Every structure is written in C-alpha cells, then in structure tokens.
Colleague: 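Handing you a structure now.
Only a predicted model underlies this, so the values are computations on that prediction, with no experimental measurement involved. Quick note: residue numbers are just sequence positions, from 1.
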Amino acid sequence: MLRVDLASAVEAFLAADARLAVSACPDDVHDARVALRRIRSHLRTFRSLFEPAFLRRVRPDVTWADSALAAVRDLDVTASRLLAGHDHASARDMALLTTLIAKERSEQLRGLAAARASERFDAAHAALDELATSPVLRGRATRDAARALPPLLMRPWHELDASVRAARRSPNDETLHAVRIRTKELRYGSALASAVLGDPATHLAEACARLQGHLGREHDAAAAARWITERSTLCSDASGLCTELARRERRAADELAATWQKKLKRVDRSWRQLRRASRS
C-alpha cells in the first residue's frame, strides 16, 4: 500500500516536472510541490518502515527538490492574493504591482531553471525513481496493515498535539504554520490508511484537510502582507495600494488565526473515532 502511494506521488511529480520543462504554469509548480510534500510526509510518518540507511540516502535530495520549487510557488500564491479584487484601484497602480510581481517571478524562475539543470536535480530524480520502484523496507513493513497502521498514526497525532499546545501558548504566524504542517502529515497518513481502516480514517483525513486549508489561508495572507510590506519601497509610486493590501492581508490573517480551533475540534473528534474503531 505504501509502495503504491509513493509510486503514484512520484508519477505525479514527474508529470508536473515534465510540463515545467516547457512552461512555467503556476498549476504545474503547485502540482509538483504537492507531490513532493506528499512523499516527504510519508517518509516522515512511516519512517520506521524504511531501512535507516535508505532514508538517509534519499530524503535529502527529495527535500532539496521541494525547496527548489518553494520560492516560485510561494510567490504565485502571494500574487494570486494581491492581484485579486481591486476594482477600485487605478490601472496605473495595478500595472506597477503586476510589473513588480512579474520581475520577481522571472528571477525566481531563473533560479528554478538553474536548479533543474543541476546534478543535484538529477540526484533527486534518481532518489524518486528508487522510491517508486525499489524502496528498501524493513521486515516490519510486511505486518498486517490493519494492526500496524493505527500505531504508525500515533506519531503524527502526538506531533500535531504538541504543535497545537505551542500555538495556544503563543499564537502567531510561525506556531500556526507548524500546526498546519503537522496537520498535513496526519492528513496524508490517514488518507493512505483509509484503504484499510475505512471511513474513520477517511473522515480524519477530511477533517485534517479542512483545518489545513484554513491554516493555509492564514499562512498565505500573512505571507502576502509581509511580501508587499517588504517591497513597498520598490513600488513607492503605488504606496497607497501597497498600504491597503498589507492591511487587508494582515486583517484576513488575523481573522483566520482567531477561528482555526473550530476546525481543530472536528479533527479531535475524528481522531477519537478512529482510535475507538481500531480497538474494536
């Protein structure tokens, strides 16, 4: 089951990466990064099933490939937020903002092109191919999945719980982002487990997806506010628009940060239901 899901994620990445070779479509950058995040999540959640030496060999290259895509993807998300919903803004101000974004994206794409042309990228492809075709697993990977999976999900659950407690003690963009990352790992793990554990795992994955989406919007709004604030001097001729955008995005982030725990309650309930079902 793990082998199949890894192979599917690698195939999704390679398809998106092939499209990136001929275009710079934001959707392809997104698809490539989602596939790599899914792979990285499985390597973390199910790391006890892999031979340690194998993990040490492949994880750094997969992580590096993900980081090579990060800057372009982050800018694409920021751009989609900043360029949306400005009917009242002047054409001149919007043109200045669009030009600023386009210039930075061109710079980021040059960096991505250099990364894709490097030997390290070839190494990442080799690591992904090995993950898809011949991952080196330990003997415990052959255990009955219905019994093995619930304990394996305990680690991402405990890590999520720890990040939630940290965010409650000190709520800010960084601690909420940590909750989002841990939620994503539990989501991917429970989605994979749903083939064996059924509806309880499916419901948990769905609840995690809702919380992840909510915190993702908070993260994206906060990132957009920081981006436009840091570059306001480069777009000084549209300073009024920049100020308005920074305030709007910060306000959106704050509103989302104030309501994320409502989504967490659904995750808590779904986790308890999965635990009860796995004991029966």
Colleague: S163 side chain to L160 main-chain N or O, any donor-acceptor pair under 3.5 Å?
Modeller: yes
Colleague: Distance check, rounded to the nearest 0.5 Å: R169 atom CZ versus T175 atom OG1?
Modeller: 9.5 Å
Colleague: Pairs in or reaching into residues 157-187: which pass ring pair (Phe, Tyr, Trp, His ring centres under 6.0 Å), with residues at least two apart or in two chains?
Modeller: W157-W271, H177-H219
Colleague: Is a side-chain donor or acceptor of S67 paired with a backbone partner of W64 at a separation under 3.5 angstrom?
Modeller: yes
Colleague: For residues A115 and S118, report the shortest heavy-atom separation together with the two atoms involved.
Modeller: O-OG, 2.6 Å
Colleague: Does the R116 side chain pair with the main chain of D17, one donor and one acceptor, at a distance under 3.5 Å?
Modeller: yes
Colleague: For atom CD of E11, decide whether the heavy atoms of other residues, nucleotides or ligands shown that lie under 6.0 angstrom number more than 12.
Modeller: no
Colleague: Per the salt bridge (Lys or Arg N to Asp or Glu O under 4.0 Å) rule, which among R81, R33, R105 passes with D74?
Modeller: R33
Colleague: Charged N to carboxylate O below 4.0 Å: is that the case for E218 and R180?
Modeller: no
Colleague: Could you state the interatomic distance from CG (L192) to OG1 (T45), rounded to the nearest 0.5 Å?
Modeller: 9.5 Å
Colleague: For the pair R231 (side chain) and W227 (backbone), establish whether a donor and an acceptor sit closer than 3.5 Å, ignoring hydrogens and angles.
Modeller: yes
Colleague: Does any N or O in the side chain of S8 come within less than 3.5 Å of the main-chain N or O of D5, such that one atom is a donor and the other an acceptor?
Modeller: no
Colleague: Of the non-hydrogen atoms in D28 and S23, which two are nearest, and what is the gap between them?
Modeller: OD2-OG, 3.7 Å
Colleague: Keeping to residues at least two apart or across chains, list the salt bridge (charged side-chain N to carboxylate O under 4.0 Å, His left out) pairs with something in residues 262-280.
Modeller: none
Colleague: Where the side chain of T183 meets the backbone of Q212, is there a donor-acceptor pair that is under 3.5 Å apart?
Modeller: no
Colleague: If you compare all heavy atoms of D173 against all heavy atoms of A222, which two are closest, and at what distance to 0.1 Å?
Modeller: OD2-CB, 3.4 Å
Colleague: Any chance you could pull the hydrophobic cluster mates of V34, using side-chain heavy atoms under 4.5 angstrom and chaining through other members?
Modeller: Y188
Colleague: For a quick test of reading the model, state the closest non-hydrogen atom pair linking S270 to A207 and the distance between them.
Modeller: OG-CB, 3.7 Å
Colleague: Should the pair F50 and F54 be assigned to parallel (<30°), tilted (30 to 60°) or perpendicular (>60°) ring geometry?
Modeller: parallel
Colleague: For R37, is there any backbone N or O sitting under 3.5 Å from a side-chain donor or acceptor partner on S41?
Modeller: no
Colleague: Which heavy-atom pair separates L152 from P156 by the least distance, and what is that distance?
Modeller: O-CD, 3.3 Å
Colleague: Between D66 and R40, is there a side-chain N and carboxylate O pair less than 4.0 Å apart?
Modeller: yes
Colleague: T78 side chain to L75 main-chain N or O, any donor-acceptor pair under 3.5 Å?
Modeller: no
Colleague: Assess whether side chain to side chain donor-acceptor pair (under 3.5 Å) is satisfied between H30 and D76, documenting all intermediate values.
Modeller: CA-CA 9 Å; H30 172 256; D76 286 343; over 6 Å; no
Colleague: Does R247 CZ have over 12 foreign heavy atoms under 6.0 Å away?
Modeller: no
Colleague: For residues R19 and D31, determine if any side-chain heavy atom of one lies less than 4.5 Å from a side-chain heavy atom of the other.
Modeller: yes
